[in-house]
Number of protein chains: 2
Amino acid sequence: MTVDDEIARLAALANPHRFRIIALLAEESLHVSELARRLGMSRALLYMHLQRLEAAGYVTGHLELSDDGKALKFFEVVPFEVTTNVASIAAAVAADTESTH
Amino acid sequence: MTVDDEIARLAALANPHRFRIIALLAEESLHVSELARRLGMSRALLYMHLQRLEAAGYVTGHLELSDDGKALKFFEVVPFEVTTNVASIAAAVAADTESTH
DNA sequence: TCTACCTGTTAGAAATAACTTACAGGTGTC
DNA sequence: GACACCTGTAAGTTATTTCTAACAGGTAGA
């Protein structure tokens with residue numbers, strides 16, 4: 001695990017909106033507009049946060065066709081476990097300085 | 001654990017400089033100027049990062065008097081283990097919404 | 001006194017993240 | 001056609017974080 005990777009994983013989680021997104025999706029898979037309604041935030045903003053979460057691998061989205069023919073983008077959580085401690089950080093930094101030299 | 005607390009813990013780690021600071025201090029306790037020299041960064045900037053780390057409880061600093069009478073501010077890591085997963089996030093969000101109502 | 005260290009703070013610039021507004025396009029129903 | 005849903009993006013603003021430059025003050029030795 002490289003430093004950039006670990007930081008990306010941590011940074012993607014470090015946001016109150018994204019916490020609430022994960023908490024909601026943990027209960028049930030929801031499509032974007034419904035999620036925006038429940039969280040009381042704009043769809044455009046939600047998209048940004050979903051992109052960050054998806055880029056880090058915490059959630060995944062897929063288009064689904066509803067009964068009445070509408071295309072809905074559903075998102076669901078990808079179970080994860082992020083563990084960071086002194087040793088893992090030291091190892092990441094060491095791995096980085098090794099590869100650069 | 002409240003949402004703000006967990007986010008503060010995660011955000012405090014999510015920075016390459018702070019990773020390197022922790023990695024260095026994991027090997028040995030160092031004073032600010034020496035640390036700045038090894039990392040190749042300005043003291044003012046280092047101070048900012050150390051404050052964030054100390055505020056989150058990852059490092060701790062104390063003044064120490066050297067043999068020749070100079071006051072040196074040494075920092076050392078406080079062993080930690082940060083674990084985050086879907087359940088812990090859901091719990092934090094739930095605890096938050098409980099207390100607000 | 002001058003030099004070489006050290007701690008500590010502040011004001012402002014620069015870079016990044018977060019957020020808003022405003023689009024364009026689609027399907028189905030009244 | 002008008003309305004009520006939906007996805008998706010781009011431009012521009014605001015807020016936050018990060019970083020620089022500059023300062024004030026201290027001790028010890030040549």
Side-chain angles (χ1 to χ4, degrees), chain A residues 3-22 24-25 28-56 58-76, chain B residues 3-22 24-25 28-56 58-76:
Chain A
V3 168
D4 285 352
D5 286 351
E6 267 204 52
I7 287 173
R9 277 168 175 269
L10 291 169
L13 287 181
N15 178 283
H17 283 323
R18 295 199 281 272
F19 257 50
R20 296 182 61 211
I21 291 171
I22 290 173
L24 257 185
L25 292 183
E28 56 178 324
S29 180
L30 293 169
H31 64 89
V32 180
S33 290
E34 178 62 25
L35 194 51
R37 237 175 277 126
R38 301 229 190 150
L39 292 169
M41 72 164 79
S42 74
R43 228 169 13 91
L45 179 55
L46 179 56
Y47 259 88
M48 189 272 281
H49 287 300
L50 283 173
Q51 270 168 18
R52 286 205 67 157
L53 286 173
E54 192 169 29
Y58 293 127
V59 304
T60 179
H62 63 277
L63 279 174
E64 208 167 286
L65 234 57
S66 68
D67 296 341
D68 55 344
K70 281 173 188 160
L72 306 179
K73 180 137 190 187
F74 274 85
F75 273 90
E76 51 195 311
Chain B
V3 168
D4 286 350
D5 285 351
E6 265 203 55
I7 287 173
R9 279 168 176 268
L10 291 169
L13 288 181
N15 178 284
H17 283 324
R18 295 199 281 272
F19 257 50
R20 295 182 63 210
I21 291 171
I22 290 174
L24 257 185
L25 292 182
E28 56 178 324
S29 181
L30 295 169
H31 64 89
V32 179
S33 289
E34 178 62 24
L35 194 51
R37 238 175 278 122
R38 301 229 192 152
L39 292 168
M41 72 165 80
S42 75
R43 230 172 11 91
L45 179 55
L46 180 56
Y47 259 89
M48 188 273 280
H49 287 300
L50 284 173
Q51 272 168 15
R52 287 205 65 158
L53 286 173
E54 192 168 29
Y58 293 126
V59 304
T60 180
H62 63 277
L63 279 175
E64 209 166 286
L65 233 57
S66 67
D67 297 340
D68 55 344
K70 281 173 190 161
L72 306 180
K73 180 137 191 186
F74 275 84
F75 274 90
E76 52 195 310

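Letters A, B, ... mirror the listed sequences (proteins, then strands); counts begin at 1.
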Go through the steps to decide whether A/L45 and A/H49 satisfy the test side chain to side chain contact (heavy atoms under 4.5 Å, CB included), and finish with yes or no.
CA-CA 7 Å; A/L45 179 55; A/H49 287 300; 3.7 Å; yes
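- Between the CE atom of A/M48 and the C1' atom of D/dA10 there is a distance of 14 Å, given to the nearest Å.
- Between A/L46 atom CG and C/dT20 atom C1' there is a gap of 14 Å when expressed in whole angstrom units.
- One finds a side-chain N or O of B/H17 lying less than 4.0 angstrom from the OP1 or OP2 phosphate oxygen of D/dC19.
- In this structure, B/Q51 and B/R37 both approach DNA chain C, and ranking their closest nucleotides by distance from the 5' end singles out B/R37.
- In this structure, the CZ atom of A/R18 is 9 Å from the C1' atom of C/dA18, given to the nearest Å.
- Rounded to an integer number of Å, the gap from A/H31 NE2 to C/dT27 P is 18 Å.
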Applying side chain to side chain contact (heavy atoms under 4.5 Å, CB included) to A/T60 and A/E76, what does each step give before you reach the verdict?
CA-CA 6 Å; A/T60 179; A/E76 51 195 311; 3.7 Å; yes
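- One finds a side-chain N or O of B/R52 lying less than 4.0 angstrom from the OP1 or OP2 phosphate oxygen of D/dT18.
- Within the nucleic acid shown, B/L45 comes within 4.0 Å of at least one base atom, counting heavy atoms only.
- Contact between the side-chain N/O atoms of B/R43 and the OP1/OP2 oxygens of D/dT20 is not found at any separation under 4.0 Å.
- Rounded to the nearest 0.5 Å, atoms CZ (B/F75) and CG (B/L53) are 9.0 Å apart.
- If B/D68 and B/S42 are placed on DNA chain D by their nearest nucleotide, the residue sitting closer to the 5' end is B/S42.
- Of the candidates D/dA22, C/dA18, C/dG8, the closest approach to any side-chain atom of B/L63 belongs to C/dG8.
- Atom pair A/E64:CD and D/dC5:C1' shows a separation of 17 Å (rounding to whole Å applied).
- Atom CD1 in A/I7 sits about 14 Å away from atom C1' in C/dT16, given to the nearest Å.
- Which of C/dG8, C/dA22, D/dT18 sits closest to the side chain of B/Y47 comes down to C/dG8.
- One finds a side-chain N or O of B/S33 lying less than 4.0 angstrom from the OP1 or OP2 phosphate oxygen of C/dT7.
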I would like to know whether B/V32 and B/R43 meet side chain to side chain contact (heavy atoms under 4.5 Å, CB included); could you show each step before the answer?
CA-CA 7 Å; B/V32 179; B/R43 230 172 11 91; 3.8 Å; yes
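- Atom CZ of A/F74 is separated from atom C1' of D/dT7 by 13 Å (rounded to the nearest Å).
- Protein atom CG of B/D67 is 15 Å distant from nucleotide atom C1' of C/dC6, rounded to whole Å.
- Aromatic ring pairs are classed by plane angle as parallel below 30°, tilted from 30° to 60° and perpendicular above 60°; the pair B/H31 and B/F74 is perpendicular.
- The phosphate of D/dT18 has OP1 or OP2 within less than 4.0 Å of a side-chain N or O from B/N15.
- Taking only side-chain nitrogens and oxygens, B/S66 never comes nearer than 4.0 Å to OP1 or OP2 of C/dC6.
- Checking the phosphate oxygens (OP1, OP2) of C/dG26, no side-chain nitrogen or oxygen of A/K70 falls inside 4.0 Å.
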For B/E6 and B/R9, what are the C-alpha separation, side-chain angles and deciding distance, and is it a salt bridge (charged side-chain N to carboxylate O under 4.0 Å, His left out)?
CA-CA 5 Å; B/E6 265 203 55; B/R9 279 168 176 268; over 6 Å; no
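- Here B/H49 reaches the OP1 or OP2 of D/dC19: one of its side-chain N or O atoms lies under 4.0 Å away.
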